[in-house]
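Below is one structure, written out as structure tokens; comments come after it.
In this chain, numbering begins with 1 at the start of the sequence shown.
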Amino acid sequence: MTTSVEEPSGANVSQKIEANSPFYLGPQDRPGDFITPTRLRGDNYDDWAGDIQMALEARRKFGFLDGTITKRVPPVTEADWNTINVMLVSWIMNTIDLEVKCSLSKHRDAKKLWENLKSRYDVVNGPRIQHLKSLIAKCEHGKNMPVSEYFGKLTGLWEELYKHEPLIDCFCSDACTAGSKHEERRETDMLRMFLMGLNTDLFSTLHTSIL
């Protein structure tokens, strides 16, 4: 006689971390990976941090650095959490020049490492800001220069200035419009500077009518 054995109704079923989860690490994820060719030298923090963010967002991992993900959720175990942190630390450290790396403390928490680097190297450079504003004011459209080249040059200067002087955020209330007004003012300034720099011999009518 054969006796059938039923599984207990409360039996634990092994769960796995899905591939679309930020906690997932696949066989292609290794501690020695170089997630971006950009290297932190100390004077290029903005470019480096932007490339790191892009690389980790593509891997659904940037939330561990910006504070979006603060704790593990089932079926993630404590060991899984530690593995992810160590992996992130390794990826970040692989993108740092040896001279800078030698000055850093050892970290196993990726968020603390990220915050340490930000506090040390994300410094507002006053003289650079003034120099950029001067370059923007002097940027002009040459007679033999394509408008697209002039626009690209001016846009590059504006983008670097924005990294040092980001838009003002206000969280006093949901109805506050300070941030949007600041953005509108900045866009108006960009348009005016673009028009002021256009070659007047070629675009005098357009220049005057829009201004």
| request: Applying ring pair (Phe, Tyr, Trp, His ring centres under 6.0 Å), run through Trp114 and Trp91 and close with a yes or a no. | output: CA-CA 12 Å; Trp114 183 252; Trp91 287 347; over 10 Å; no
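- The pair Glu149-Lys153 fails the salt-bridge criterion, with no side-chain N (NZ, NE, NH1 or NH2) lying under 4.0 Å from an Asp/Glu carboxylate O.
- Closest non-hydrogen pair, Leu157 versus Cys139, comes out as CD1-CB, 4.4 Å.
- Judged purely by atom type and a 3.5 angstrom limit, Asp122 has no side-chain atom pairing as donor or acceptor with the backbone of Ser119.
- Proximity of Asn20 to Arg60: side-chain heavy atoms (C-beta onward) are separated by under 4.5 Å at one or more points.
- Separation of atoms CZ (Arg185) and OG (Ser180) is listed at 11.5 Å; rounding is to 0.5 Å.
- Heavy-atom contacts from other residues, nucleotides or ligands closer than 6.0 Å to CZ of Phe151 number 12 or fewer.
- At least one donor-acceptor pair closer than 3.5 Å links the side chain of Asn82 to the backbone N or O of Glu78.
- Cluster membership for Leu191 and Leu161, using ILVMFWY side-chain heavy atoms within less than 4.5 angstrom, is shared.
- Ion pairing between Arg186 and Asp189 fails under the 4.0 Å rule for side-chain N and carboxylate O.
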| request: List the steps, then state whether salt bridge (charged side-chain N to carboxylate O under 4.0 Å, His left out) holds for Lys133 with Glu165. | output: CA-CA 11 Å; Lys133 289 182 177 179; Glu165 287 189 333; 3.6 Å; yes
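- To the nearest 0.5 Å, atoms NZ (Lys106) and CG (Asp109) are separated by 15.5 Å.
- Under the 4.5 Å side-chain heavy-atom criterion for Ile, Leu, Val, Met, Phe, Trp and Tyr, Leu113 and Tyr45 are members of the same hydrophobic cluster.
- Annotation for Ala110 and Asn85: closest pair N-OD1, 2.9 Å, computed over non-hydrogen atoms.
- Looking at Arg128 and Leu132, their side chains come closer than 4.5 Å, going by heavy atoms from C-beta outward.
- One N or O on the side chain of Asp33 and one on the backbone of Arg30 form a donor-acceptor pair closer than 3.5 Å.
- In this structure a side-chain-to-backbone donor-acceptor pair under 3.5 Å is present from His141 to Met145.
- Closest heavy-atom contact between Tyr150 and Met193: OH-O, 3.4 Å.
- The number of heavy atoms from other shown groups lying within 6.0 Å of CD (Glu99) does not exceed 12.
- Within the 3.5 Å criterion, the main-chain N or O of Gln130 finds no donor-acceptor partner in the side chain of Ser134.
- Heavy-atom contacts from other residues, nucleotides or ligands closer than 6.0 Å to CE of Met190 number more than 12.
- The aromatic ring centroids of Trp81 and Phe64 lie less than 6.0 Å from each other.
- Of the possible donor and acceptor atoms, one in the side chain of Arg59 sits under 3.5 Å from a partner among the backbone N and O of Ala55.
- Distance CD/Glu159 to CG/Asp46: 12.5 Å, rounded to 0.5 Å.
- Hydrophobic clustering (ILVMFWY, side-chain heavy atoms < 4.5 Å, transitive): Phe34 and Leu65 are in distinct clusters.
- Evaluated for a side chain to side chain contact (heavy atoms under 4.5 Å, CB included) with Ile96, the options Asn94, Ile92, Leu98 yield exactly one hit, Ile92.
- In this structure, Thr36 and Arg39 approach most closely via the heavy-atom pair O-NH1, 2.8 Å.
- Ser21 places no side-chain N or O within 3.5 Å of a backbone atom of Ile17 that could act as its donor or acceptor partner.
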| message | Using salt bridge (charged side-chain N to carboxylate O under 4.0 Å, His left out), reason through Arg41 and Asp43 one step at a time and then give a plain yes or no. | response | CA-CA 6 Å; Arg41 302 185 304 272; Asp43 60 349; 3.5 Å; yes
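- Summarising the geometry, atom CD belonging to Glu160 is positioned 10.0 Å from atom CD1 belonging to Ile129; distances are rounded to the nearest 0.5 Å.
- Inter-residue side-chain proximity for Pro31 and Met87 is flagged as met; some heavy-atom pair is nearer than 4.5 Å.
- Two residues are said to be in side-chain contact when any heavy atoms from C-beta on lie closer than 4.5 Å; Thr95 and Thr38 fail this criterion.
- Side-chain contact check for Asp80 and Thr77: at least one donor-acceptor pair (N or O, by modelled atom type) lies under 3.5 Å.
- Looking at heavy atoms from C-beta onward, Lys61 lies in side-chain contact with Leu25 at the 4.5 angstrom threshold.
- Between Arg120 and Glu115 there is no salt bridge, since no side-chain N of the basic residue sits under 4.0 Å from a carboxylate O of the acidic one.
- From Leu88, atom CG reaches atom CE of Met93 across 13.0 Å, with rounding to the nearest 0.5 Å.
- The side-chain heavy atoms of Val89 and Arg108, taken from C-beta on, include no pair separated by under 4.5 Å.
- Going from atom NZ of Lys101 over to atom CG of Leu40 covers 10.5 Å, rounded to the nearest 0.5 Å.
- Scanning both residues, Thr68 and Asp66, for their nearest heavy atoms gives OG1-OD1, 2.6 Å.
- By the rule that hydrophobic residues join a cluster once side-chain heavy atoms approach within less than 4.5 Å of another member, Tyr121 and Trp48 end up as members of one cluster.
- Here the closest non-hydrogen pair linking Lys71 and Phe23 is O-CZ, 3.7 Å.
- Side chain of Lys111 to backbone of Gly67: no donor-acceptor contact under 3.5 angstrom is found.
- Under a hydrophobic clustering in which Ile, Leu, Val, Met, Phe, Trp and Tyr are joined whenever their side-chain heavy atoms come within less than 4.5 Å, directly or via other members, Tyr162 and Leu154 fall into the same cluster.
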